[in-house]
2 protein chains.
Amino acid sequence: MDNRKAIMESALNLFYQKGYDAVGVQEIVECAGVTKPTLYHYFGSKRGLLETLIQVHYEELEKNIRCAAECEENLPGKLYRVARVFFDDNSSNIRVYMLLLALFYSGRKNEGFQVVAPFVQRICRMFIRIFENAADELGNMHGRQKQFAISFIGVLDYHLMMLINDYGDAEEISVPDEQVRGVVQQFMYGIYS
Amino acid sequence: MDNRKAIMESALNLFYQKGYDAVGVQEIVECAGVTKPTLYHYFGSKRGLLETLIQVHYEELEKNIRCAAECEENLPGKLYRVARVFFDDNSSNIRVYMLLLALFYSGRKNEGFQVVAPFVQRICRMFIRIFENAADELGNMHGRQKQFAISFIGVLDYHLMMLINDYGDAEEISVPDEQVRGVVQQFMYGIYS
DNA sequence: GTGTTATTATACCAATCGGTATAGAGACTG
DNA sequence: CAGTCTCTATACCGATTGGTATAATAACAC
């Protein structure tokens with residue numbers, strides 16, 4: 001019962017630190033203090049482990065994003081709240097999201113990519129909808145909703161990546177509000193703002 | 001003599017499609033039509049192969065970016081030229097850059113990350129310098145050069161990734177000028193422009 | 001107490017991993 | 001011709017890969 005969670009926790013940490021393909025099943029179970037049959041009993045395969053890992057954590061991530069996106073504020077306020085979801089480290093949120101990204105970049109023929117791609121697309125669609133729902137604020141977007149969404153996600157992702165890089169191996173990553181607001185503001189009004 | 005290039009070409013394709021860790025040395029040499037000792041003669045190790053692969057291609061990428069960044073235009077013009085370097089598929093440029101990114105996201109304890117991190121940092125510094133050199137256009141940036149640079153790179157990367165994803169397995173990826181200009185313009189003047 | 005089910009460890013599998021020892025082949029130098 | 005140097009193939013190395021067959025353990029219902 002508890003072994004299941006231990007395996008998932010170990011796997012998340014190892015995948016996040018070394019990459020999905022660079023981590024062996026043996027290493028995961030050792031880190032979790034169990035043996036291989038236990039892992040294969042719960043998850044069936046290494047891929048199955050990754051799938052449930054992503055799925056379970058993604059639910060919460062999506063919920064958080066959706067919640068932030070449905071708040072009663074103007075677009076900048078919404079984007080700020082969404083950004084905060086990404087920069088707020090709920091200990092596992094960041095690791096999951098970075099794993100998602102890493103696998104998304106890992107090449108289309110990679111097993112991890114195939115697992116992760118649909119989830120990334122769902123995130124993209126959520127962001128596109130944010131801009132569509134702000135049509136009254138933005139006016140005619142001339143079909144550029146997707147461009148807006150991709151740009152915004154890209155900005156968030158890269159800032160996140162750089163933060164993780166700067167912080168080194170530190171566990172906690174805290175991003176001050178003003179910095180998040182600065183990023184959103186620049187996105188909204190350009191770099192002259 | 002030619003075997004060396006064949007190995008590098010095969011490795012680049014395989015790493016790009018399946019990820020560094022998911023590709024075995026055996027697969028590389030088979031794809032190149034040689035045997036393992038040939039690879040180890042030229043590159044010493046799998047890591048050595050990756051290092052020379054990145055190094056050789058990076059030189060050209062950096063040259064192209066630097067060239068675009070030194071043109072005699074205003075900032076939007078410069079950014080447009082730089083963006084074009086990224087979106088112009090010189091058959092190998094995109095593959096190399098995406099490999100660079102994939103490894104950068106792959107986790108700090110990953111072998112590939114350690115190889116690639118210094119190159120990504122060099123790219124970042126180049127972008128930061130672009131904004132610093134535009135101080136006369138931008139005025140006092142209040143130390144936000146790095147934020148500008150990271151945001152811009154993030155926007156480019158994610159657009160690139162999405163393009164590759166939309167195009168599927170197609171070899172050639174052509175991005176119309178207007179789209180590139182749209183992205184740069186949004187970055188410069190915000191989404192109301 | 002017996003049967004059933006879920007969970008776990010021991011021990012194993014073929015296949016592949018990155019890497020190499022040895023030696024042959026070819027080109028060039030003396 | 002002998003010697004040397006670069007390059008490459010055969011065949012191999014120990015270690016690890018993802019995965020499993022078997023059986024023991026424990027908890028449960030009856």
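A note on names: the letters A, B, ... follow the listed sequences, proteins ahead of strands, and every chain is numbered from 1. The model shown is predicted, which means the values in this text are computed figures rather than measured ones.
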Rounded interatomic separation in angstrom, taking [atom1] from [X] and [atom2] from [N]:
X: B:I28; N: C:dT16; atom1: CD1; atom2: C1'; value: 14 Å
X: A:K18; N: D:dT16; atom1: NZ; atom2: C1'; value: 12 Å
X: A:D21; N: C:dT16; atom1: CG; atom2: C1'; value: 14 Å
X: B:Y42; N: D:dT8; atom1: OH; atom2: C1'; value: 9 Å

Could you check which of [options] has an atom nearest any side-chain atom of [X]?
X: B:V25; options: C:dG18, C:dT8, D:dT8; result: C:dG18
X: A:N3; options: C:dA9, C:dT8, D:dT17; result: C:dT8
X: B:P37; options: C:dT7, D:dT10, D:dT20; result: D:dT10
X: B:Y40; options: C:dT10, D:dG19, C:dG19; result: C:dG19
X: A:S45; options: D:dT8, C:dG19, D:dG19; result: D:dG19

So, are [X] and [Y] salt-bridged, with charged N and O less than 4.0 Å apart?
X: B:E70; Y: B:R129; value: no
X: B:R47; Y: B:E51; value: yes
X: A:R81; Y: A:D88; value: no
X: A:K18; Y: B:D21; value: no

- Item | Phosphate OP1/OP2 of C:dT8: any A:H41 side-chain N/O under 4.0 Å | no

- Query: Do the side-chain N or O atoms of A:T38 get closer than 4.0 angstrom to the phosphate oxygens (OP1, OP2) of C:dA9?
  - Reply: yes

- Look at the aromatic rings of A:F127 and A:F152 and report parallel, tilted or perpendicular, splitting at 30° and 60°. tilted

- B:G33 or B:K36: which one's nearest nucleotide on DNA chain D is closer to the 5' end? B:G33

- Message: Distance criterion of 3.5 Å, no angle test: do you see the side chain of A:K46 paired donor-to-acceptor with the base of D:dG18?
- Response: no

- Message: What's A:V23 touching, base or sugar-phosphate or nothing? Going by heavy atoms closer than 4.0 Å.
- Response: sugar-phosphate

